[in-house]
Every structure is written in C-alpha cells, then in structure tokens.
2 protein chains.
Amino acid sequence: MFFLKELPTQSMIKQYSEAYFPGQTEEVANQLQGLREFSILLRKLEDYFASHNLSQLRFLVLMVIDREPERNYLYAHEIAERLDVSKPVLSRAIKTLAKDSLLTSKKDNQDARALVLSLTPSSKTLLKSILPGYFQILKNKPT
Amino acid sequence: MFFLKELPTQSMIKQYSEAYFPGQTEEVANQLQGLREFSILLRKLEDYFASHNLSQLRFLVLMVIDREPERNYLYAHEIAERLDVSKPVLSRAIKTLAKDSLLTSKKDNQDARALVLSLTPSSKTLLKSILPGYFQILKNKPT
DNA sequence: AGTATATAGTTACCATGGTAACTATATTGT
DNA sequence: ACAATATAGTTACCATGGTAACTATATACT
C-alpha cells in the first residue's frame, strides 16, 4: 500500500468532488482520511510482522489455526474460507511457512486431496511473543 | 490486501487482547473493524481502477499532475514527494503509463537528470470519465 | 579547478497479490 | 458402475510493492 503524503482533502476534494456530488464532499473527505490512516496502520503492522519473519498473511494463517476451538489443526481449504485470499497465494504461503518450520503439513487420511495444517512449537512460541506488540500497534490510533 | 472474512472480534479479541490489555479490547476491536472496512473499500477501488486500465498508483500519478496548480507538468521527483511510494515503483509506473500513452515523459532542459511529466489528451479524458465513479465508491460507506 | 557530496532515476532481485488453467481426488446422478 | 460434476490444491504467468546498489548529473567545498 501507498498513499498521498499530503492529504488531498483541500485541493482535490474541492476541485473535483464538489463538482460531482455537491454537499457530499465531507463524506468523501472522511473516507479519504480513513483510507490514509488505515494505510499507515497497515504499514506499521507490515513492518512489525516483517521484523519477525512474518507478513500479514503468514500471521493470519497461524492465528486462525491457533484460535480454532476444539481442534489443533485446520485444512487448507478451511483457512481459505476464513481469509479473503486467493488459493494460489495461500498455497504458496503454506509452503514457505512449512519450509520455515512454522507449520506442519500432511495429507489427510480420509480425503487425499486435503492438507492438514498444524502449528509447530516454533510458531506457537512466535505467536505468543508477537501478540503483545501486535495489539499494542492496534491500540494506538494511526496518525 | 486481504482480510479475515469473519470478523475476529469475538473469538480472537476476547481470547488474546483481553489477556494483554484488559479493558482496552474495544479500541482494538474498533481498529480491526476499521482495517477490515477499509480493506474492502480499497479492493473496490482497485477493481474499479483495474476496469479502466489503471491502478491506485497509476491513478494517483495522473491526479497529482492534473491537480497541480499553475503548472501542467510535474517532475518525477516531485511526484515521489507527494506520494508515499518507493522510487523504483514510481519509475516503473511512469514507464508503463508513458507506454500506454497516458503520460509524456521528457528530459528537463535545465537538469539533465530530471524527467518532466505531463498528461496526454488520453489521460485527461480518462480522468474526467472515471472521477464520478471514483467519488461514488468513496461516498458509499464500506460494509 | 577539482574532489566530495547530494540528488534523480534505473537496474536487479525478491515478496506478495491476482487470474486462468491444470492435476488429482471425491461426490453425484443415472 | 461409471460418466459428469465438484472440490482441493498446484503451476504458470503477470502486476505491484519493497530494498540495495548502480549510473549520471548537479551542487558544495576547499
């Protein structure tokens, strides 16, 4: 993600939005402001994850397995159901997570197509260690 | 960008955030909710731009030139100042925009290092045609 | 003048997002 | 039973984000 460094609200909104949607520029300005703030928040999270050999996606894959009640594993397609990400991207993420010993991946006994994914001791430790910082970043309103 | 399809507020926040920041889970939940909403908005914008042979970055490059007061051109490094994007990414975007006849790019007379970038008739027409839809998407609160 | 530094842009390389098309296996329906 | 369809995951390819290191030019400093 990227964003305008200078907020576009002044010149751009007045110049364009008012022409198309007179009287509604405030709503547009709010949305642009929000986009910018969450872009900054996203970037902070990305940097934080990167410093721990993770990414947004790698983190979320581990999280949805960890937080699954009753079971200590998920099928790949179940992760795909929970995250809004394309199959090839998830497939690659799973491979690199397994390569980094953050996931174990094995074929299911019942369904030979399906992959059973579980956390490893490494990833359990990693999750525990990064969660406080993760919530700390979320707690701070983006500026 | 991607995001959790199911909001994590219920299971995840209670399970984790409350443990680290008791009493502050509402703030965390709000941020996660905001991240999700703006991820959806971002994706709508991306899809809209893609349907017009643009991207967020390509659109913003054209916009900052168009909205520049007094001048009908910008130097590449001026665009870099206005957008929070790395130099190589901007460099590539400029090349493909020029290839698509949406920008003219020529060396500056005074400074042989600098690129002077201007809109073309095509990109002026394109901007005019997509701006109403752009603001329409911004106007609608993401769901 | 001539060296050192700063600035503008590019190249090379990698990570992460997408779609389309593919293989392999399961399920459905006759 | 077996053909048709659906599902699980992969491969191939492309777009877009980043950093590090490079070239070329301009500016600053003896």
Side-chain angles (χ1 to χ4, degrees), chain A residues 1-5 39-40 42-61 73-100 102-103 105-117, chain B residues 1-5 39-40 42-61 73-100 102-103 105-117:
Chain A
M1 259 303 293
F2 63 92
F3 41 89
L4 286 166
K5 282 181 183 163
S39 296
I40 292 170
L42 263 179
R43 198 166 275 191
K44 284 185 195 164
L45 287 173
E46 279 167 6
D47 290 348
Y48 180 65
F49 288 136
S51 72
H52 291 279
N53 190 30
L54 288 179
S55 66
Q56 298 257 6
L57 178 55
R58 285 160 66 88
F59 171 73
L60 283 181
V61 168
Y73 65 90
L74 279 181
Y75 293 106
H77 64 268
E78 291 177 315
I79 296 178
E81 279 166 20
R82 286 158 175 73
L83 306 184
D84 200 339
V85 69
S86 67
K87 288 194 299 179
V89 169
L90 180 59
S91 177
R92 184 179 52 199
I94 287 169
K95 277 206 186 64
T96 65
L97 283 168
K99 185 171 60 55
D100 294 347
L102 296 172
L103 270 188
S105 164
K106 57 167 184 145
K107 283 211 171 163
D108 186 52
N109 291 332
Q110 273 70 50
D111 189 336
R113 299 167 303 177
L115 284 181
V116 180
L117 304 168
Chain B
M1 261 303 294
F2 63 91
F3 40 89
L4 285 166
K5 281 181 184 164
S39 297
I40 291 170
L42 262 179
R43 198 166 276 192
K44 283 185 195 163
L45 287 173
E46 279 166 7
D47 290 348
Y48 180 65
F49 287 135
S51 72
H52 291 278
N53 190 29
L54 288 180
S55 66
Q56 297 258 4
L57 178 55
R58 285 161 65 89
F59 170 73
L60 282 181
V61 168
Y73 65 91
L74 279 181
Y75 293 105
H77 65 268
E78 292 177 314
I79 296 177
E81 279 165 21
R82 286 159 175 73
L83 307 184
D84 201 340
V85 69
S86 67
K87 288 194 299 179
V89 170
L90 179 59
S91 177
R92 185 179 52 200
I94 287 169
K95 277 206 187 63
T96 66
L97 283 168
K99 185 170 60 55
D100 294 347
L102 296 172
L103 270 189
S105 163
K106 56 164 186 153
K107 283 212 171 161
D108 186 52
N109 291 332
Q110 273 69 51
D111 189 336
R113 298 167 305 177
L115 284 181
V116 180
L117 305 168

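Quick note on labels: first sequence line is chain A, next is B, and so on, each numbered from 1.
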Is there a side-chain contact between B:His77 and the phosphate of C:dG9, meaning an N or O under 4.0 Å from OP1 or OP2? yes
What residues, two or more places apart in sequence or in another chain, satisfy side-chain contact (heavy atoms from CB on, under 4.5 Å) together with B:Ser91? B:Lys95
Might you work through the side-chain contact (heavy atoms from CB on, under 4.5 Å) test for A:Tyr75 and A:Val116, ending with a clear yes or no? CA-CA 5 Å; A:Tyr75 293 106; A:Val116 180; 3.5 Å; yes
How many whole angstroms separate atom CZ of B:Phe49 from atom P of D:dT16? 12 Å
Kindly point out which of C:dA12, D:dT16, D:dG9 is positioned nearest to the side chain of B:Arg58? D:dT16
Spacing of A:Leu54 atom CG and A:Leu102 atom CG [to the nearest 0.5 Å]: 6.5 Å
Spacing of A:Tyr75 atom OH relative to D:dG9 atom P, expressed in whole Å: 10 Å
B:Asn109 CG to D:dA26 P, straight-line distance once rounded to whole Å: 11 Å
Contacts of type side-chain contact (heavy atoms from CB on, under 4.5 Å), residue B:Asp47, not counting sequence neighbours: B:Arg43
Separation of C:dA8 P from B:Arg82 CZ (nearest whole Å): 12 Å
Which residues pass the salt bridge (charged side-chain N to carboxylate O under 4.0 Å, His left out) test with B:Asp108, sequence neighbours left out? none
Please list, chain by chain and in numerical order, all residues satisfying side chain to side chain donor-acceptor pair (under 3.5 Å) with B:Thr96, sequence neighbours excluded. B:Arg58
Residues that B:Ala93 engages under side-chain contact (heavy atoms from CB on, under 4.5 Å), provided they are two or more places apart: B:Leu57
Measure all distances between protein nitrogen or oxygen atoms and nitrogen or oxygen atoms of nucleotides 23-25 of chain D, and list the pairs falling under 3.5 Å.
from   : atom 1 : to       : atom 2 : distance (Å)
D:dT25 : O2     : B:Arg113 : NH1    : 3.3

Residues in ring-ring contact (aromatic ring centres under 6.0 Å, His included) with B:Phe49, at least two apart? B:Phe59, B:Tyr134
So, using side chain to side chain donor-acceptor pair (under 3.5 Å) as the criterion, who are the partners of B:Arg113 when residues are at least two apart? B:Asp111
To the nearest Å, how far apart are A:Glu78 CD and D:dG9 C1'? 14 Å
Atom-pair distance (NZ on A:Lys87; C1' on D:dA12), nearest Å: 15 Å
Taken to the nearest whole Å, CG/A:Leu83 to P/C:dT16 is 15 Å
Any side-chain N or O of B:Arg43 under 4.0 Å from OP1/OP2 of C:dG18? yes
Could you tell me whether the phosphate oxygens of C:dG17, OP1 or OP2, come under 4.0 Å of any side-chain nitrogen or oxygen in A:Ser86? no
What parts of residues 89-100 of chain A reach DNA chain C, counting only heavy atoms under 4.0 Å away? A:Val89, A:Arg92
Whole-Å distance between D:dG18 P and A:Leu42 CG? 13 Å
